[in-house]
Every structure is written in C-alpha cells, then in structure tokens.
Chemist: 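For reference, the structure I am asking about is given below.
The first residue of the sequence shown is numbered 1, and numbering continues consecutively from there. All ligand and atom numbering here is 1-based and tracks the order in the structure.
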Amino acid sequence: MTQLTGTGVVAGVAYAPARWAAARPEIKASAFAPVPEANRAAELERFEAAVAAVEQGYLERAQRVAEPDTKKVLEATAGLVKDRGLMRMARKEIAAGTAAEGAMIDSIDSFIQTMQKLGGLMAERATDLRDIRDRVVGVLMDLPEFGIPESDTPIVLLTTDLSPADAAMLDPATVQALVLSEGGPTSHTSIVARQRGIPCVVAVPGLATISEDEVVLVDGGRGTVSTEADPSSVERLIAEDRTRRDAVRTWQGPGRTADGYQVALLANVQSVATAQEAAQTQAEGVGLFRTELAFSETATEPSVTDQAKLYAGVFAAFPEGKVVVRTLDAGSDKPVPFVLHEKEDNPSLGVRGIRLQSLKPEGMLDRQLDAIAQGRKDSGAEGRAWVMAPMIATVDEAREFAAKVRSRGMIPGIMVEVPAVCVLADEFIAEVEFMSVGTNDLTQYTMAADRLSPSLVSLNDPWQPAVLRMLSLAATACTKTRKTIGVCGEAASDPLLGCVLVGLGISYLSMADKAIPGVGSMLGSVTLAQCQAAAQAALAATDPQGARHAAESILRGDRD
Ligand code: PEP
Ligand code: MG
C-alpha cells in the first residue's frame, strides 16, 4: 500500500476509482498573432462577447445551485469577470493590437500578481481569476469545456485545485471524495465540499503519481489517500464511517460526553440571519458573533440605535441561551469600510481588534459597547450579555476593556489569539470573567505562519503541539480560578480535536452550525477521562500527525 498525506478538510471515507478533472487549456499569450489595425474593433467585439458569455455562464450555474453560500461564491466570481480594472487593461491591449486571447491572459496574469502581492484572502482569489481567464480563452478559441469528468458511477475526483464554478457542480452521488494537490482549508473548494458533505483532502504532495482509474481509499478525517489498500482494512474503515455518519445524522444534542459531562456547543454567526439559522439547529447559543463581518459593506459607522437593532436581533435568536458578542476585529483580511486604516505592510500584525481604538472614527469601541448593552435590553433576552475583545495582547488592554464592559452591566471576556495572553494567562484571567480561544489566530501567531497562505497549511494546523501547549496554559489558568474558557476558532469544529480541547478544560465549543452534529456525536461517544487522556497524549507529541494519532488511538481505539 502507498499512502499520501495532506490536510483533511471534510471527514468521511471513500473507496472508488480515481478520475482526474479535465485539464484546462494551457495557452501562452505569445501564441497569438498581432491584430492589424483594421480588425481591432471587431476583435474588441469578439472579446466583449466572450466575456459576457462567461459571466452569463457563472450566473446560470449560480441559479442551478441550492446552497446560498455556493450561490454567493459563483455570483462573486461572475462579478469579477467584468472587473473595471481588468477590463480596462484588456481593452487597452486589444486597442494596441494584441489578440483578444492574449489580452485576456496578460491582463489576468498581471492582476493575479498584484493580488498575490497583497496576500491573504486576495491571494486566494487567484484560483477564481485563473478560472475566468481559461473560460474566456476557451470561448474565444471554441474549445470544449474543462472541469469535472462525466460519470454514472462513483469516483474519487483528483485535481490540482477546483474553480468555484466546477466546485459548485460537485454531485455527492458520484463524487465520493475530492482530493486536491493544492488548495487550503479556507479555499472556495473546501467551503463547497464542507457544505455538500463530500469527504475532502487538500494540499496533498505527490498526488500526480496516482493514475486515472486507479482505485484509491480516501480518509478525509485523517487526510490520507492510499492506493493498493488492504481489502479488509477498506471494509472496516467503510463500516466505521457508515456508523459515524449515521450517528451524526441522528444526533440530537445537547453537547455532552458519554458519561454526561456537559460541553455547550455553540454557533459562530455574523448577522441576524445567520443567528436565526443557527437557532434552527442544535446550537445552544452563540459563542462568537463576528460583528466586523456584519459591517463588511457599511460605508459609514452605523448609529448606536442602528447597531443596537442588529445586536438585539442576534440576542433575540437565542433568548435563553448564551450569546457572546465580539467587538470589531476590522483589519487584515476583514476590512470594514468605515474604519479608517492606514496602509500597513503586515496588516495581520497591525492595527486590528482592540488596537482599532487608535484609529478614526474615535470612540468606536464605546459606541459599540453602548449599542450592545442597548440591544440586549431591547431584545428582552434573559441575563447579562457576554462581550469579548479580539487581539488582546497586554494586561492593561484587558483591564481597560473589562472596566468598560462591566460599567455597562455586561460580562467581560477576552479572545486568546496572541501567545502573550497564554504566557501571562494567570494575570489576564484575574481581570476578566472568561476567555475564548481563537485558534485560527493563535495558530498563525504561535507558528508565525500566515493563516491564509496555501503554502503554509501544514504549519497552520491547530494540532501543532506548540499550539496545544499554548492553549493549555490558558485553559489551566481558567480552570484553576473556575472561570469559563471556550474555543471559537476552526479547531472547535474538528470532532477529534474538540474532544482534546474538552480534555484540556475547555467548557464550550463554538463553530459553524453545520459542524455541530459531527462534534456532538463524537463527544457523545467518549468519556471525560478519555478526553483528558487524549489531551495529555496530544500535548506530549512533537508533531501534529503524532498528536492526532495519539489522541485518535485513545478516543476511537487503535486504527492502522
Ligand atoms: C480566531 O482567530 O480563531 C477567531 C475565531 O477569530 P477570526 O477567525 O475572526 O480572526
Ligand atoms: Mg481571530
């Protein structure tokens, strides 16, 4: 048996013949002869028609898919096709005599270079831009459409990375698993795979060694792809996976271990609509309301009254449950138009989170806290509001924030995202009532690895023992003082890691609501003592694979 290992994004086992996605055209701009002046107007028309056809194609796909998030991804890509800067660049080249194909290739490539320099989320949009480029060139050259191969029987789909347009067309009935040699857990393809429940592994080195129709075993939970797997282990893994899927489907909640230890399973939300959706699931409350995402398209700071309406809507979605509101974390990859940032070379290490207080408009934090307090009152929800600050790095910041929150009758907490908080956890917890670990940032800052970089996926892994040890410093400080500590980063949505976190002393886990049944059913299958033993084993490991394997042996019993 040969085994390749990547990053598991969606749990689940599949065993089927591998099929590679049909290759996209590989054409260089220099392959096209210059266009004589007399024909340039017609060339421009040919270009405009191809661009319009591709835009229309994305919109039609958007109409055919049901999931709102996938629809949004396709509509956003359709919007990018006619990006003004891009069109200006291409038209200029055509006017100067470049063929439409060449103009499209040149313009997109230079656009991608600019975006990659900007880094972060922008760089991840490169896949979308390449897709636009190849589709427009395909239409111009009258080539057959590339993408997912047609099949009536189950397949494992292999590809370098999938465009959002193709990802949207994934059918779980035939595509049993998706394996990418590139891509990251935050790429569009991963988002779509998660929504469709298609087992998925990304960033798999050596994937090209697998040939068309070779039968492969994919384990999305462990992030492995194997050929020539032993039939008896295939059978066992598939049976285990079937049992797991059944347990997830029928899980009812609330969150607790097999021996009854309660762990609240909460939802991450970003608007009234997402909070209301979460309230229809097994979510017991909201563990993270990312307020900056509610304002991602808001040009001027909303008044206290308008903000209060928004917060009241979120509180009202869970009138009896816990709702944790996080104050603005604008900046880096989450720009908010009304927050006036200076240009920064390293925005993820820059003015974001609690540091926004130094920016204009002045007094944003006070107005937001007033609005949260008002919203809580207006919602008629029971009890006090839980409010936390992002990107806290010093004890003074925590103390000042806590005073502002307490003076408005709310419960103050801090996010644990900066390693400094873990190192001085005892001093920090003395100032506030609770902590919530943002494992996305805690991992990027502990490992010094941009969380959005597709090349640093293996460093950006919350199973890194250094991250787990950081987190355990904070957990120990909270449990010693009987204060609450939750996790609201992506790590909380990994069923196995969720159990490890509980074993470290974490009392609530907050995640995308769709992930709750997976975490809840795993938690319900183990005891608190198993979680604690798994946590100790993971802490003792020296690499993420070792940590995961050690925890898995204790939580699920030994597997190969
Ligand atoms: C985190 O850092 O883990 C977190 C939850 O905050 P965000 O992802 O919004 O930065
Ligand atoms: Mg964060």
Chemist: Using side-chain heavy atoms (C-beta onward) and a distance below 4.5 Å, is Val339 in contact with Met364?
Modeler: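 A side-chain contact exists here, since the closest heavy-atom pair is under 4.5 Å.
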Chemist: List the closest protein heavy-atom neighbour of atom 1 (C) of ligand 1: residue, atom name, distance to the nearest 0.1 Å.
Modeler: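 Answer, as residue, atom name and distance: Gly438 CA, 3.3 Å.
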Chemist: Strictly distance-based, threshold 3.5 Å: is any side-chain N or O of Thr446 a donor or acceptor partner for the main-chain N or O of Val467?
Modeler: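 Here the side-chain-to-backbone pair does not exist.
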Chemist: Do Tyr508 and Glu284 have side-chain atoms, one donor and one acceptor, less than 3.5 Å apart?
Modeler: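 No - no donor-acceptor pair under 3.5 Å links their side chains.
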Chemist: Report, in ascending order of atom number, the atoms of ligand 1 lying under 4.0 Å from any heavy atom of Lys334.
Modeler: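 By the 4.0 Å cutoff, the relevant atoms are 7 (P), 9 (O), 10 (O).
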Chemist: Hey, which N, O or S atom on Glu417 ends up closest to the Mg ion (ligand 2)?
Modeler: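 Minimum-distance N/O/S atom of Glu417 relative to the Mg ion (ligand 2) is OE2.
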Chemist: First locate atom CE of Met410, then atom CG of Leu369, and finally report the distance between them rounded to the nearest 0.5 Å.
Modeler: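 Output value for this atom pair is 5.0 Å.
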Chemist: Go through ligand 1 atom by atom and flag the ones less than 4.0 Å from a non-hydrogen atom of Arg352.
Modeler: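 Listed by number with element: 10 (O).
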Chemist: Heavy-atom pairs closer than 4.0 Å: do any link ligand 1 to the side chain of Arg326, the backbone, both, or neither?
Modeler: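 It is the side chain that touches ligand 1; the backbone stays farther off.
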Chemist: Provide the number and element of each atom of ligand 1 under 4.0 Å from a heavy atom of Gly489.
Modeler: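 So the atoms of ligand 1 that pass are 3 (O), 5 (C).
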Chemist: What distance do Thr7 atom OG1 and Trp463 atom CH2 have between them, rounded to the nearest 0.5 Å?
Modeler: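 CH2 of Trp463 is found 13.5 Å from OG1 of Thr7.
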Chemist: Test your reading of the model: is there a side-chain donor-acceptor pair from Arg482 to the backbone of Cys478, 3.5 Å cut-off?
Modeler: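 No: the side chain of Arg482 does not pair with the backbone of Cys478.
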Chemist: Hey, which atoms in ligand 1 end up nearer than 4.0 Å to a heavy atom of Leu288?
Modeler: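 Near Leu288, the atoms of ligand 1 are 5 (C).
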Chemist: Nearest 0.5 Å, please: how far is CD in Glu400 from CD1 in Ile392?
Modeler: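 Rounded to the nearest 0.5 Å, the CD1-CD separation comes out at 9.0 Å.
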Chemist: Give the atoms of ligand 1, by number and element, whose distance to some non-hydrogen atom of Arg290 is under 4.0 Å.
Modeler: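 The list of qualifying atoms is 4 (C), 5 (C), 6 (O), 7 (P), 8 (O), 9 (O).
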Chemist: For ligand 1, is there an atom lying under 4.0 Å from some heavy atom of Met415?
Modeler: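 Heavy atoms of Met415 do come under 4.0 Å of ligand 1.
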Chemist: By atom name, which N, O or S atom belonging to Asp441 lies closest to the Mg ion (ligand 2)?
Modeler: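 So the atom name we want here is OD2.
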Chemist: Are any of the N/O atoms on Arg451, whether in the backbone or the side chain, positioned under 3.5 angstrom from an N/O atom of ligand 1?
Modeler: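 It does: an N or O of Arg451 is found under 3.5 Å from an N or O of ligand 1.
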